[in-house]
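Let me begin by presenting the structure, written as structure tokens, before commenting on it.
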Amino acid sequence: MDRIGTPKEVTRGIYHIEIPTPFPVGPVNVYLLEGDFLTLIDTGPLTKEAWQTLSQGIMQIGYELSDIRQIVLTHHHVDHCGLLERVRQSSGAHTLAHSKAVPYVEANEEFMAYHARFFYELYTESGVPEESLIIIDKFHNRTMSFSERSQIDDCLKHGQTLPHFPEWQVFYTPGHSQSQISLYRAEDCVMIAGDHIIKHISSNAFIEPPQDQSANRPLTLVQYRTALEMCADKEIDIILSGHGEPITNHRELILQRLQKNWIRTDALLRLMKDGEKTAYELTTLLFPHVYQKELPLTLSETLGHIDLLQILHQLEVKRRDGVLYYSL
Ligand SMILES: [Zn+2]
Ligand SMILES: [Zn+2]
């Protein structure tokens with residue numbers, strides 16, 4: 001891709017703008033869909049640099065912010081939706097996302113309190129030491145500082161077409177996020193996939209609380225694998241992702257991602273050979289160099305692979321004093 005801030009038409013009617021982020025993942029890709037109803041897909045995070053790059057990028061393509069009629073979010077992560085409210089205010093655009101994005105975008109206080117409680121319980125039962133539990137609030141507060149409260153006007157569902165763009169179909173592709181959708185244009189086999197699949201890094205299947213508080217947490221890695229398989233079944237010439245370069249060999253890449261899960265489950269099984277371990281202990285052994293800096297990401301990764309092994313009845317789990325211990 002060109003240097004940050006140089007927008008260009010990647011394929012018919014789709015312009016790409018690369019927006020800087022303060023996150024290790026690097027810049028985020030947002031897309032402008034041309035048509036009678038100019039549509040922005042994702043916005044970038046709430047930073048001065050992102051706002052400048054986005055506004056300038058839209059002008060370089062030949063539009064004004066006020067020309068944007070609708071904004072679609074691929075998912076609720078702040079690198080994709082932090083500027084939503086600012087773009088909405090500047091354009092008066094209609095906002096669309098999957099229903100599961102709504103409580104995050106609205107930063108619903110009751111939901112956020114439940115969200116914090118869920119992670120406190122999850123980290124405690126995973127054996128995270130008491131003194132490290134502070135990471136939950138720290139991570140959440142830092143993340144949320146790159147977005148502001150906004151609203152979703154209409155929810156998008158799997159199988160429907162994108163309003164004003166009958167050639168684009170919406171696919172629900174959960175796993176990386178419970179709100180993750182992808183857009184597919186069958187006539188020229190183009191997909192806009194957000195973070196569902198990224199060329200240069202494996203997307204993390206982040207653990208999220210169930211929005212129905214009485215339900216079990218979603219098995220995000222299992223969902224993710226299913227959604228990847230759904231995409232492997234589609235004819236796709238080019239996938240435009242939320243980060244990095246377009247993907248032109250999606251089946252090969254999906255197979256690599258699916259296979260990588262089994263390499264990691266094998267590693268987990270080896271680590272459990274000498275006795276029972278908590279999810280936190282397994283995380284420290286699996287990611288010795290990054291677990292301290294990236295606990296939410298690495299613990300999520302470990303739990304996802306534990307879920308896969310549990311589905312295959314490869315693990316025994318015992319609860320003692322509120323902590324779960326896994327063994328072969
Ligand atoms: Zn994401
Ligand atoms: Zn992202």
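Any value given below was found using the heavy atoms of this structure, including those in side chains, with hydrogens, waters and symmetry copies removed. Atoms within a ligand are numbered from 1 in the order they appear, just like the ligands themselves.
Between Q151 and E85, the side chains place no donor N or O within less than 3.5 Å of an acceptor N or O (distance only, hydrogens not considered). In summary, the side chains of H176 and H77 do present a donor paired with an acceptor at a separation below 3.5 Å, with no hydrogens or angles considered.
Within the 4.5 Å cutoff, no side-chain heavy atoms of H164 are placed close to those of T39.
Closer than 2.8 Å to the Zn ion (ligand 2) sit the protein N, O or S atoms D79 OD2, H80 NE2, D195 OD2, H243 NE2.
Sorted by first and then second residue, the side chain to side chain donor-acceptor pair (under 3.5 Å) pairs with a member in residues 282-294 read T283-T302; sequence neighbours excluded.
In this structure R142 satisfies the side-chain contact (heavy atoms from CB on, under 4.5 Å) test together with F23, F146, sequence neighbours excluded. Scored by the side-chain contact (heavy atoms from CB on, under 4.5 Å) test, L133 finds Y120, Y123, T124, V128, E130, I136 as partners (sequence neighbours excluded).
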